[in-house]
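Below is one structure, written out as structure tokens, with a few remarks after it.
In each ligand, atom 1 is the first atom listed, and ligand 1 is the first ligand listed. For reference, positions follow the sequence shown, starting with 1.
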Amino acid sequence: MKAPLCDALIAYREEAPLRLHVPGHKGVCPYGMELLGEDIFSIDSTEVPGLDDLHHPRGPILQAQRLLARAYGADESFFLVNGTTGGIHAALLAILSRGDKVLIPRNAHKSVIGGVILCGAIPIYLKPTYVKSLGHASHISIEEVKGALKAHPDAKCLVVTNPDYWGLAGDIVGMVNLAHGAGIPLVIDEAHGPHFSFHPELPPSGLEAGADVVVQSPHKLLGSLTQTSFLHWKGSRVSVERLRLSLRLIGTSSPSYPLMASLDAVRRLMELQGRELLDAALLMADKMRATINKIDGFKCFTQGNLEGVAMDPTKLIITGRELGLTGYDLGALLRKEHGIQVEFADLNNVLVIVTIGDKGYVGERLIGALGEMADKMRGQRPLIFQGSMEQIPMPEQDLTPQEAFFASYEWVELRDAVGRTSQAVVAPYPPGIPLLCPGERIEKEVIEVLEKLKYAGAMIHGLEEDSLVAVVK
Ligand SMILES: Cc1ncc(COP(=O)(O)O)c(C=O)c1O
């Protein structure tokens, strides 16, 4: 099976023409090569004949994108070099105009809010379902969307996140039916689901369900280089013409060939071996989950304790609550004392991801560390009560996100910001889910949650000097 862009880059390297073109390193960068190796420079080229042009593809990039569309069952697919963030911005710019209403989950990633700022749409926030056992807000229920569509029959688009960062998936087929029943497109932020299409034990993918635009981060879970993503388009509800225009508008005019080649390579890998690689990852994750659940003091969530929500079994959500550990404590101890870095931690849990990139059984060290920790800490600290970091009231919107973004603003202490209008996104990172969006009235409850998260050690994007928030003047 071919990887057209990779093949073209190898051919150009073998042809070895005198390079009188950018990039300035000319294929060799003595200092950079010590860290990065020779190969990355040798294929880091520009739009010379034979290597095509991402923004007007006619050659190997077009062929590679067509193979990608075929692999995922899309009508057309695009390589992205500015992450899923760029894809979501382009999708919203393609679909929405200033003043259009868009239904979005209140716990959407900040890239969705960024897209809303760019196009000037009015967000109608959907209240996510709170998963009590995990202590966080997750997917959107069918009832919530039905209610919003009834209250806002003029909405122009529905956006959902599926799955969420923790791998929890909602009723995506139901979402497609509701959106299409209302005559509007469904955009799925599938940053955490690029592997779903390649294994039947994983939740259904957005494209299979019939979504109109699906944006995925293969760099997160498949193995392409960081910053690379896929955008898939299907059907006739969204103009592919406008999608192309929007992608050109937001994209760099110098897309990186190593980044794009990594997308071509990973698509080929998944088509050839995706099923068996995922078989191995699923087996390993199941074994780790079962073994962790035998350690007195730790719990690794299974499908059975997630209140009926479907989950991606390659993700391990682990809590040390019974040992008195917050997710932040557990993540920090694993790194400091055992040299293990988890994907991320929140107030309640840590998230560990198992992917097709793991070589051999990776559970031994983690399980050994958890066992040691449990022996040392059992009975030492009081049990932690489940923190509910995202169960905050739906805020009032004083301005649209775009109006607030462009308004003049001042910095005030968080504690003095009650009743003011937020100018910026304020989001614990990861996962990048905003607690404040531009244009929202700042309520006491949100400040309390932010203070609690800061105290527990969360990194908060959008606060200056840790406690100043930008508010509209
Ligand atoms: C749910 C979700 N959507 C979108 C993004 C943005 O993806 P990227 O980092 O590929 O731009 C993220 C990143 O963490 C995410 O978690």
Reported CD1-to-OG1 distance for the pair Ile122 and Thr400, which is rounded to 0.5 angstrom: 7.0 Å
Donor-acceptor under 3.5 Å (His180 side chain, Met175 main chain): no
Identity and separation of the nearest protein heavy atom to atom 7 (O) of ligand 1: Thr84 CB, 3.4 Å
Ser229 to ligand 1, any heavy atom closer than 4.0 Å: yes
Salt-bridge criterion met for Arg244 and Glu241 (N-O under 4.0 Å): yes
Residue selection (non-hydrogen contact nearest atom 16 (O) of ligand 1) among His192, Gln227, Glu190: His192
For atom 11 (O) of ligand 1, the protein heavy atom that lies nearest, with its residue and separation: Thr85 OG1, 2.6 Å
Under 4.0 Å to a heavy atom of Gly83 - the qualifying atoms of ligand 1, by number: 10 (O), 11 (O)
Ligand 1 versus Thr161: contacting region, heavy-atom distance under 4.0 Å: side chain
Pairs touching residues 161-186 that satisfy salt bridge (charged side-chain N to carboxylate O under 4.0 Å, His left out), sequence neighbours left out: none
Which residue and heavy atom of the protein sit nearest atom 9 (O) of ligand 1, plus the separation: Lys220 NZ, 3.5 Å
Side chain, backbone, both or neither: Asp189 near ligand 1, heavy atoms under 4.0 Å: side chain
Phe198 six-ring face occupied by Arg275 cation (under 6.0 Å, within 45°): no
Ion pair check, Asp286 and Arg289, cut-off under 4.0 Å: yes
Within-cut-off N or O pair, Ser111 and ligand 1, under 3.5 Å: no
Contact (N/O only, under 3.5 Å) between Asn82 and ligand 1: no
Test log, rule salt bridge (Lys or Arg N to Asp or Glu O under 4.0 Å), inputs Asp212 and Arg237: CA-CA 7 Å; Asp212 303 86; Arg237 285 177 193 84; 3.4 Å; yes
